[in-house]
Novice: 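Dropping the structure in here first, questions after.
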Amino acid sequence: MNIGLCLCGGGAKGAYQAGVIKALYDRGINKFNAISGTSIGAVNGYFIFTNNVEKLEEMWTDIDAHIEHSIKIVDKTVDNSSIIEVLSNIDYKSTANPDFYVNYINIENKLPKEKIVNISELNKEEGLKSIKYSSLLPFNPQGTMGLHNQFMKDLSEGLYNGYNLDGGLVNNTLLNPLLNQKLDKIIVISMKHDYTLPDEIKNICNEDNIIIVRPKTVFDKDDTLRFEKEFCKQIYYEGYEIGKNLNISM
């Protein structure tokens, strides 16, 4: 059976997603023909792509040893260099890597344009650069609004012209590249407890072929940047239990 895996974005909530992934692996569901990832989903997807799921578990259950949880703002973005450094230090374990799609937005003339790349077609340096872009959140330290509204204001004023930024700003569930492949099942690991497929996706796919995995926790918007050991560990194991008990017929 050909299986796809879609990993949504959500910052520190990626710990939950990682728990689901590890549970699936422990159940023997570990052969994915294609993967897609947005933002932290792109980060988590890289561990699968390189066959390093045990290192994915290590990172999220002991986050303080791997990633700086104090937020740094660099050039009007949330610095993600420590997490990209983690990825740069892991090696490919297989030459049979699956297709792995990530998205980010390129901003020119105050307009965001989604870019989708297949990491399997890039060298390691270019692949990591794309993942860095995909998980690079804008943050204006002089801003007075919420993240989304402030970004839209800054975008309209040309503040981010020339930037490559987080793909989740325009598309947090990168399903289309997977729908274009001959996959029997697609597993979507969302960070939203009430996530449903958007109508435009329902209109072009067989919903019976898509398995949506949702958290029990109703996350707060501030949890996106909550890279704290106890929080990440707690939701990692929540994800693991959900993945372990998920009813999946393959």
Side-chain angles (χ1 to χ4, degrees), residues 5-14 17-18 34-50 52 56 59 66-69 71-90 92 97-141 143 147-148 150-178 189-191 224-225 227:
L5 182 65
C6 178
L7 303 173
C8 303
K13 294 169 284 186
Q17 189 177 76
I35 306 164
S36 67
T38 299
S39 195
I40 202 67
V43 171
N44 285 341
Y46 190 75
F47 287 93
I48 303 170
F49 175 69
T50 59
N52 280 285
L56 175 69
M59 183 181 78
H66 298 88
I67 298 173
E68 296 180 14
H69 66 265
I71 304 303
K72 291 182 180 179
I73 307 303
V74 177
D75 196 19
K76 302 181 289 296
T77 62
V78 178
D79 180 38
N80 62 357
S81 58
S82 63
I83 200 166
I84 299 302
E85 184 177 357
V86 171
L87 301 188
S88 70
N89 289 329
I90 65 176
Y92 287 23
N97 304 94
D99 286 329
F100 175 30
Y101 301 94
V102 306
N103 67 336
Y104 59 90
I105 57 172
N106 172 254
I107 300 172
E108 295 294 343
N109 299 320
K110 306 179 184 179
L111 295 174
K113 182 178 181 180
E114 184 181 24
K115 302 282 189 179
I116 299 173
V117 299
N118 186 349
I119 300 296
S120 69
E121 297 175 350
L122 304 176
N123 61 35
K124 183 174 181 178
E125 181 182 357
E126 290 300 313
L128 289 176
K129 188 183 294 184
S130 295
I131 294 172
K132 179 179 178 64
Y133 296 155
S134 182
S135 55
L136 191 61
L137 273 173
F139 190 95
N140 183 351
L147 176 64
H148 178 74
Q150 187 64 51
F151 173 66
M152 295 306 295
K153 179 178 183 294
D154 293 340
L155 185 66
S156 69
E157 295 175 355
L159 193 65
Y160 287 105
N161 278 344
Y163 279 61
N164 293 307
L165 294 171
D166 196 308
L169 293 165
V170 297
N171 181 9
N172 202 43
T173 307
L174 187 59
L175 267 171
N176 285 91
L178 303 186
I189 307 179
S190 176
M191 314 295 193
T224 298
L225 297 178
F227 289 94

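Not measured: the values here are computed from a predicted model.
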Novice: Going by side-chain hydrogen bond (donor to acceptor under 3.5 Å, both in side chains), name the residues that satisfy it together with Ser135, two or more places apart in sequence or in a different chain.
Specialist: Asn80
Novice: Looking at Asn109 and Leu111, would you say the former's side chain and the latter's main chain have a donor-acceptor pair under 3.5 Å?
Specialist: no
Novice: List for me each residue that meets side-chain hydrogen bond (donor to acceptor under 3.5 Å, both in side chains) alongside Asn106, sequence neighbours excluded, and say none if there are none.
Specialist: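 Checked Asn106 against side-chain hydrogen bond (donor to acceptor under 3.5 Å, both in side chains); matches are Asn164.
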Novice: Ser39 and Gly9: which non-hydrogen atoms are nearest, and at how many Å?
Specialist: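 That would be CB-CA, 4.0 Å.
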Novice: Just checking Asn89: does its CG atom have more than 12 heavy atoms from other residues, nucleotides or ligands closer to it than 6.0 angstrom?
Specialist: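 Atom CG in Asn89 is packed in, count exceeds 12.
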Novice: Measure the CG-CG distance between Leu147 and Asp166 for me, rounded to the nearest 0.5 Å.
Specialist: 9.0 Å
Novice: Over all heavy atoms of both residues, which pair between Ile119 and Ser130 is shortest? Give the atoms and the distance, please.
Specialist: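 Of all heavy-atom pairs spanning Ile119 and Ser130, the closest is CD1-CB, 4.0 Å.
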Novice: Working to the nearest 0.5 Å, report the span between CE of Met191 and OG1 of Thr173.
Specialist: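 Taking CE in Met191 and OG1 in Thr173, the distance rounds to 10.0 Å.
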Novice: Going from NZ on Lys132 to CD1 on Ile84, what distance comes out if it is rounded to the nearest 0.5 angstrom?
Specialist: 6.0 Å
Novice: Out of curiosity, Tyr104 OH to Leu165 CG, how far, rounded to the nearest 0.5 Å?
Specialist: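 One finds 11.0 Å between OH of Tyr104 and CG of Leu165.
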Novice: Quick one: side-chain hydrogen bond (donor to acceptor under 3.5 Å, both in side chains) partners of Lys153, sequence neighbours excluded?
Specialist: Glu157
Novice: Is the closest side-chain heavy-atom distance between Asn171 and Ile116 below 4.5 Å?
Specialist: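 No, every pair of side-chain atoms sits at 4.5 Å or beyond.
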Novice: Backbone N or O of Asn103 within a donor-acceptor pair of the Glu114 side chain at under 3.5 Å?
Specialist: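 Here the side-chain-to-backbone pair does not exist.
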Novice: Can you confirm whether Thr50 sits close enough to Phe100 that some side-chain heavy atom of one is under 4.5 Å from a side-chain heavy atom of the other?
Specialist: no
Novice: Do Asn176 and Tyr101 meet the criterion of a side-chain donor-acceptor pair at a distance under 3.5 Å?
Specialist: no
Novice: For Tyr46, check ring-ring contact (aromatic ring centres under 6.0 Å, His included) against everything at least two apart and list the hits.
Specialist: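 ring-ring contact (aromatic ring centres under 6.0 Å, His included) check on Tyr46 returns nothing, list empty.
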Novice: If you compare all heavy atoms of Tyr160 against all heavy atoms of Lys76, which two are closest, and at what distance to 0.1 Å?
Specialist: OH-O, 2.8 Å
Novice: Show the nearest heavy-atom pair for residues Val86 and Met59, with the distance to one decimal.
Specialist: CG1-SD, 4.0 Å
Novice: So does Lys113 have more than 12 non-hydrogen atoms from other groups sitting under 6.0 Å from NZ?
Specialist: no
Novice: Compare all side-chain heavy atoms of Ile40 with those of Ile83 and state whether any distance is below 4.5 angstrom.
Specialist: yes
Novice: I'd like to know if the side chain of Tyr133 pairs up with that of Lys115 as donor and acceptor (distance under 3.5 Å, no hydrogens or angles considered).
Specialist: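 No donor-acceptor contact under 3.5 Å links the two side chains.
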Novice: Can you tell if the side chain of Tyr163 reaches within under 4.5 Å of the side chain of Asp75, non-hydrogen atoms only?
Specialist: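 When only atoms from C-beta onward are counted, Asp75 and Tyr163 do touch, with a gap below 4.5 Å.
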Novice: Can you list everything that forms a side chain to side chain contact (heavy atoms under 4.5 Å, CB included) with Asn161? Sequence neighbours excluded, please.
Specialist: Ile107, Lys110
Novice: Determine whether the side chains of Thr38 and Asn172 contain a donor N or O and an acceptor N or O closer than 3.5 Å.
Specialist: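 Checked: Thr38/Asn172 side chains show no N/O donor-acceptor pair below 3.5 Å.
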Novice: Looking only at heavy atoms, what is the nearest atom pair of Ser36 and Leu174, with distance?
Specialist: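 Result for this residue pair: OG-O, 2.6 Å.
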Novice: Would you say the side-chain atoms of Ser88 pair up with the backbone N or O of Glu85, donor to acceptor, closer than 3.5 Å?
Specialist: yes
Novice: Going by side-chain hydrogen bond (donor to acceptor under 3.5 Å, both in side chains), name the residues that satisfy it together with Asp79, two or more places apart in sequence or in a different chain.
Specialist: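 Only Ser81 meet the side-chain hydrogen bond (donor to acceptor under 3.5 Å, both in side chains) criterion with Asp79.
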Novice: Look at the side chain of Asn44 and the backbone N and O of Gly14, then say whether any donor-acceptor pair between them is shorter than 3.5 Å.
Specialist: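 Checking the backbone N and O of Gly14 against the side chain of Asn44, a donor-acceptor pair under 3.5 Å is found.
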Novice: A side-chain contact here means heavy atoms from C-beta on lying under 4.5 Å apart; do Phe47 and Leu87 qualify?
Specialist: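 They are in contact (side-chain heavy atoms under 4.5 Å apart), so the answer is yes.
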Novice: Given the rule in the side chain to side chain contact (heavy atoms under 4.5 Å, CB included) test, do Val78 and Leu136 qualify, once you have shown the distances and angles that lead to the verdict?
Specialist: CA-CA 6 Å; Val78 178; Leu136 191 61; over 6 Å; no
Novice: Please tell me if the side chains of Leu155 and Pro112 come closer than 4.5 Å, counting only heavy atoms from C-beta onward.
Specialist: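 Yes, their side chains come closer than 4.5 Å.
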Novice: What is the minimum heavy-atom distance between Gly37 and Ser134, and which atoms define it?
Specialist: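 Taking Gly37 first and Ser134 second, the nearest heavy atoms are O-OG, 4.2 Å.
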Novice: Can you find a pair of side-chain heavy atoms, one from Thr77 and one from Leu137, that are under 4.5 Å apart?
Specialist: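 A side-chain contact is absent here, since even the closest heavy-atom pair is not under 4.5 Å.
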Novice: Which value, rounded to the nearest 0.5 Å, describes the distance between Lys129 atom NZ and Asn123 atom CG?
Specialist: 9.0 Å
Novice: For the residue pair Leu169 and Pro138, establish whether any side-chain heavy-atom pair is separated by less than 4.5 Å.
Specialist: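 In contact.
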Novice: Working to the nearest 0.5 Å, report the span between CG of Asp99 and OG of Ser120.
Specialist: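 Rounded to the nearest 0.5 Å, the CG-OG separation comes to 4.5 Å.
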